[in-house]
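Only one structure is covered here, and it is reproduced in the block below.
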Amino acid sequence: MITVISKAAYIVLCSLTVILLLSCSSQEQSEIQLSRRNDYPIILVHGLIGWGEDELLGFHYWGGFEDIETYLNRNGHVTYTASVGPVSSNWDRAVELYYYIKGGTVDYGKAHASKHGHIRYGKTYSGLYPEWDEEHPVHLVGHSMGGLTIRALTDLLIDGDEAERELVTSNTQKEDLSPLFEGDKQWVHSVTTIGTPHNGSTFADDENRMAEIIKDAVRYIALLAEADDSSSIYDFKLEQWNISKAEDESFDDYMNRVLNNPFWSSADISVGDLNTNGAAYNNAWMDTHSTVYYFSQTGQTTTKSSWNDYHLPLRETNPIMLSPAIFIGSFTRNDSAKGIVIDESWWPNDGLVSTISSKHPTGHSARAYEKASSITKGVWYYFPTKMGWDHMDLIGLNATTSATVDKTTSFYSSIAELLHSLPK
């Protein structure tokens, strides 16, 4: 009898120990879940060749057939999905994002539009969250180029733009200045980037090749869009270049006009923001602000080769990323005049972006994330690299089984819980 009781007690003791250990290992998660301290909306911002919530046959950029926006809202996290120019420059996308959230007619800025030779005004939006202001801030979450876009928007909100302000001041007609370029707007509570090329993607350093990759992606999107007449609502959002789809125009004709337009040779296009030169320029003007929380998530789908130090893609890597992963995994560059050195530390990558590039902007304050209670504003906190995750895994576009869907939703739940645990 004593032996039986002892065994039972031992089992109970072991069970309690396991529970205690699990509680300790998930202490951070419990800390976050039990301390939700703000209810600011989360705005999801897509990357290059991305699309909005209802633009592609019910196939979501964020989650594929499992809509991350719906999932987060269902779990108590108010979330919206934004839509900006899929191939436009980072500046144009940031400006569009401002109006997409706040509402109004897109004003790219007179100085900017004049410099790059496109139209100053764009679409008019009703606004995802018209009440957006300092009393009603938001959390911005961006994937890939979307991370650069939310960084640019945050900086414009806080610092404004001197060139636009000077032009209005010196103009005798005193043209209206977009509120975005005024500055002094503390409207962003946090910035979270996912697989973002903060320091550029070496795959984009050959701009001609990158432009062709973009065009190939556009053609792929077109194939999806042509699968159903209703999908022709996919919009390249290039009104600033005087490109818009006519009502009676086929999607194929519209796409061909986009692909053959001279704007591809402009400096005001996405390619210039994605290479390492463009990244160095962006990092110089897009500040990390002391009033904003910053986080980054990274993936890696490559491993060191068994016969040399180059990195090769894992077997489960998305096939469309095999070639870029191999290229990035062996590319080097030493441009000391521009302060750009690409060495073997850049070889681990997620299929499109070097892991080291997506951690944080070079020259900006950063440290590894440890726990929620130690977070301060004005510092980039990077999380452990998600090994085995490629660029598309990070948004759930490779999720084809319940296990991979659960992996994606768990990932975004943890992000949302952290953001809503931040002090107001």
For [X] and [Y], which I'm curious about, is there any donor-acceptor pair between the side chains at under 3.5 Å?
X: Ser413; Y: Tyr71; answer: yes
X: Thr298; Y: Ser358; answer: no
X: Thr385; Y: Gln300; answer: no
X: His77; Y: Arg36; answer: yes
X: Asn318; Y: Asp390; answer: no
X: Glu55; Y: Ser83; answer: yes

Hey, does [Y] have a side-chain heavy atom less than 4.5 Å from the side chain of [X]?
X: Asp309; Y: Trp347; result: yes
X: Met321; Y: Met392; result: yes
X: Tyr61; Y: Asp67; result: no
X: Thr301; Y: Trp389; result: no
X: His46; Y: Val84; result: yes
X: Asp133; Y: Trp187; result: yes
X: Ser270; Y: Asn90; result: no
X: Leu140; Y: Ile101; result: yes

Measure across [X] and [Y] and return the closest heavy-atom pair with its distance rounded to 0.1 Å.
X: Leu97; Y: Ala82; value: CD1-CB, 3.6 Å
X: Asn349; Y: Gly329; value: ND2-N, 3.7 Å
X: Asp176; Y: Arg120; value: O-NH2, 3.1 Å
X: Asp268; Y: Ser89; value: OD1-OG, 2.7 Å
X: Ile42; Y: Ala416; value: CD1-CB, 3.8 Å
X: Thr81; Y: Leu128; value: O-CD1, 3.8 Å

So, the side chain of [X] versus the backbone of [Y]: is there a donor-acceptor pair under 3.5 Å, distance only?
X: Lys185; Y: Pro179; value: yes
X: Thr409; Y: Asp406; value: yes
X: Thr355; Y: Gly299; value: yes
X: Arg257; Y: Ser244; value: yes
X: Ser201; Y: Pro197; value: no
X: Lys304; Y: Tyr310; value: no
X: Lys424; Y: Asn38; value: no
X: Asn199; Y: Thr362; value: yes
X: Ser410; Y: Lys407; value: no
X: Thr317; Y: Pro313; value: no

[X]/[Y] aromatic ring centres below 6.0 Å:
X: His136; Y: Tyr40; result: no
X: His198; Y: Trp380; result: yes
X: Phe411; Y: Trp62; result: no
X: His360; Y: Tyr294; result: no
X: Phe203; Y: Phe331; result: no

What's the separation between atom [atom1] in [X] and atom [atom2] in [Y], rounded to the nearest 0.5 Å?
X: Glu53; Y: Ile68; atom1: CD; atom2: CD1; value: 10.5 Å
X: Thr192; Y: Tyr412; atom1: OG1; atom2: OH; value: 10.0 Å
X: Trp91; Y: His116; atom1: CH2; atom2: NE2; value: 8.5 Å
X: Leu418; Y: Tyr381; atom1: CG; atom2: OH; value: 11.0 Å

Which residues satisfy the side chain to side chain donor-acceptor pair (under 3.5 Å) test with Asp350, sequence neighbours excluded?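 Result, side chain to side chain donor-acceptor pair (under 3.5 Å) vs Asp350: His391.
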Partner set under salt bridge (charged side-chain N to carboxylate O under 4.0 Å, His left out) for Asp335, not counting sequence neighbours: Arg333
Does Lys123 have any salt bridge (charged side-chain N to carboxylate O under 4.0 Å, His left out) partners at least two apart in sequence or in another chain, and if so, which?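 Scan of Lys123 (salt bridge (charged side-chain N to carboxylate O under 4.0 Å, His left out), adjacent residues dropped) gives Asp235, Glu239.
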Inspect the contact between Glu96 and Arg93 and indicate whether a charged nitrogen and a carboxylate oxygen are less than 4.0 angstrom apart. no
For the pair Asp92 and Ile269, evaluate side-chain contact (heavy atoms from CB on, under 4.5 Å) and give the outcome as yes or no after the intermediate values. CA-CA 9 Å; Asp92 288 1; Ile269 188 175; over 6 Å; no
Glu131 atom CD, over 12 foreign heavy atoms within 6.0 Å: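 Yes - once you tally the heavy atoms of other residues, nucleotides and ligands closer than 6.0 Å, there are more than 12.
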Is it true that, when you exclude Asn308 itself, more than 12 heavy atoms of the residues, nucleotides or ligands shown sit nearer than 6.0 Å to its CG? yes
Between Lys237 and Trp51, is NZ or CZ placed under 6.0 angstrom from the six-membered ring centre and within 45° of the ring axis?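 No cation-pi geometry.
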Tyr99: partners by ring pair (Phe, Tyr, Trp, His ring centres under 6.0 Å), with sequence neighbours left out: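 Ring pair (Phe, Tyr, Trp, His ring centres under 6.0 Å) check on Tyr99 returns nothing, list empty.
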How would you list, by chain and number, every residue that makes a ring pair (Phe, Tyr, Trp, His ring centres under 6.0 Å) with His118, sequence neighbours excluded? Tyr108, His112, Trp241
Mind checking whether Trp285 and Tyr281 have parallel, tilted or perpendicular rings, split at 30° and 60°?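 Taking Tyr281 first and then Trp285, their aromatic rings sit tilted (interplane angle of 30° to 60°).
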Let me see the working for Phe295 and Leu422 under side-chain contact (heavy atoms from CB on, under 4.5 Å), right down to the final yes or no. CA-CA 12 Å; Phe295 306 99; Leu422 299 173; 4.0 Å; yes
Under the criterion side chain to side chain contact (heavy atoms under 4.5 Å, CB included), which of Leu72, Ile43, Asn73 is the partner of Tyr80? Ile43
Option passing side chain to side chain contact (heavy atoms under 4.5 Å, CB included) with Asp205 (candidates Thr276, Ile340, Asn277, Leu274): Thr276
For Ala246, enumerate each residue passing the side chain to side chain contact (heavy atoms under 4.5 Å, CB included) test, keeping only those at least two apart in sequence or located in another chain. Asp248, Glu249
Ring pair (Phe, Tyr, Trp, His ring centres under 6.0 Å) between His420 and His139, intermediate numbers included: CA-CA 9 Å; His420 283 147; His139 300 288; 5.4 Å; yes
List the steps and the verdict of side-chain contact (heavy atoms from CB on, under 4.5 Å) for Arg165 and Leu177. CA-CA 7 Å; Arg165 289 196 295 263; Leu177 177 70; 3.7 Å; yes
